[in-house]
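Written below as structure tokens is the structure these notes are about.
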Amino acid sequence: MQKVWFMPAKAEEGEQALDDKVSKLFGEAEGFIEEDDFVSLKIHFGEKNNTGHVKPGYLKKLVEEIKGHKGKPFFTDTNTLYKGERSNSIDHLNQAYEHDFNPENLGCPVIIADGLLSKNYSQVEIPGEHFDRVNVANDILHSDALIGVSHMTGHPAACMGASVKNIGMGCASRSGKQQQHADVNPSVDWDQCQECGQCIEWCPVGAIEMIEGKGAKIDQEVCYGCAECVATCQFGAIQVSWGGTSKALQEKMAEYALGALQDKRDKSLFFNFLIHVTEGCDCYNTAQSRVIEDIGILMSKDPVALDEASADLMNERTDSQFLNELYAENDLDYKLQLEHAQSIGLGSREYDLIEP
Ligand code: SF4
Ligand code: SF4
């Protein structure tokens, strides 16, 4: 049985009230931050025009609390696989600042953990079923403690986006994101290819050759789907594959989360915000309306128990399998990620809900 703390909350209470609640919850989990610890606050800053993401105003006291323990907090995320406002560190930082995640407002730095073009990662060995090693962003890997701050959303492929997804997908390099999203290898669109040769330089197994006058060509027999070339091509010529099943995607997310947390099992904490829950994730570049009344903020040291408890609360409030019904047309089931997460040792689905 893992402890999950819960405080009812609504956005209408205002940012200061929610900031107080986060601080109160954090008080229940004290004791895992030590002097000089680098503390990653792993969050999604929200794509341009997205309004559902967790607001910086909810997290100011949390930063102060970490500093009070003499930790060194920083907000962080990794670059996206898709082309948008967060697919390289410069655009990503600018977007974070635009949503008021900046040192002046929050009192701590913002660091994009996988580097300018998502090449700053290391391979972590895991006992997974899909992977025996995963590509985790170095600045998250090298931090001493991690606090996941997740906005609960639906997701058209994963069904649920909460802590497991925030850590699994969100701590991965772009190549790691590609590995989670697809079971097939990338291919080159010759109409877009500028024949610059960068992808050939970066491919670790020499799977790419240049066909003069046409473009780069990937040998599918040699390619093992690492997606370095997708991350490298600045012309959008190497197409991202989105071909995997929801089950595989969810299981792979859980395995990546296992890798990201491997050396931080006693040094991590997770918050889920069931505030302005939206049908799609915070990568949507639109203002989405909420699909369920605000429920509150949950916190746990176990991301699996936390996601289970969060989904259960939504199910109870609606007397339904809420997220599954949201994506009934796609026949999705959010429980797949939790089942797999538990089976590989990421956490437990059993929890005690505690209202402090
Ligand atoms: S990096 Fe992109 S543009 Fe350059 S050769 Fe490769 S596919 Fe073509
Ligand atoms: S996915 Fe990896 S192995 Fe395959 S062509 Fe691209 S860089 Fe090479």
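Whatever order the structure lists ligands and atoms in, that order sets their numbers, starting from 1.
Considering only residues two or more places apart in sequence or on other chains, Glu12 meets the salt bridge (Lys or Arg N to Asp or Glu O under 4.0 Å) condition with Arg290.
Below 4.0 Å from some heavy atom of Ile208 lie the following atoms of ligand 2, by number and element: 5 (S). Atoms of ligand 2 lying under 4.0 Å from any heavy atom of Cys223, numbered from 1 in the order shown and given with element: 1 (S), 3 (S), 4 (Fe), 5 (S). Distances below 4.0 Å separate heavy atoms of Pro186 from the following atoms of ligand 2: 1 (S). For ligand 1 and Met210, the ligand atoms under 4.0 Å from any heavy atom of the residue are 5 (S). For ligand 2, the atoms lying closer than 4.0 Å to a non-hydrogen atom of Val205 are 3 (S).
Separation of the Phe75 and Phe45 ring centroids does not fall under the 6.0 Å cut-off. Note: Tyr58 and Phe273 meet the aromatic proximity criterion, with ring centroids under 6.0 Å apart.
The closest donor-acceptor contact from the side chain of Gln262 to the backbone of Glu125 lies under 3.5 Å.
A salt bridge is absent between Lys55 and Glu15; no separation between the charged side-chain nitrogens and carboxylate oxygens falls under 4.0 Å. A salt bridge links Lys42 with Asp77: the closest approach of a Lys/Arg side-chain nitrogen to an acidic carboxylate oxygen falls below 4.0 angstrom.
For atom 8 (Fe) of ligand 2, the closest non-hydrogen atom of the protein is Cys203 SG, 2.3 Å. In this structure, the protein non-hydrogen atom closest to atom 6 (Fe) of ligand 2 is Cys229 SG, 2.3 Å. Of all protein heavy atoms, the one lying nearest to atom 1 (S) of ligand 2 is Ala227 N, 3.1 Å. Looking only at protein heavy atoms, the nearest one to atom 2 (Fe) of ligand 2 is Cys226 SG, 2.4 Å. In terms of protein heavy atoms, atom 7 (S) of ligand 1 is closest to Ile238 CG1, 3.5 Å.
Atom CD of Gln95 sits about 11.0 Å away from atom OG of Ser87, to the nearest 0.5 Å.
Here the protein contributes Cys196 SG as N, O or S atoms under 2.8 Å from atom 4 (Fe) of ligand 1.
Note on ring orientation: taking the six-membered ring where Trp is involved, the planes of His53 and Phe101 are tilted (angle from 30° to 60°).
Tested against Asp36, the residues Lys72, Lys70, Lys67 include a single salt bridge (Lys or Arg N to Asp or Glu O under 4.0 Å) partner, Lys72.
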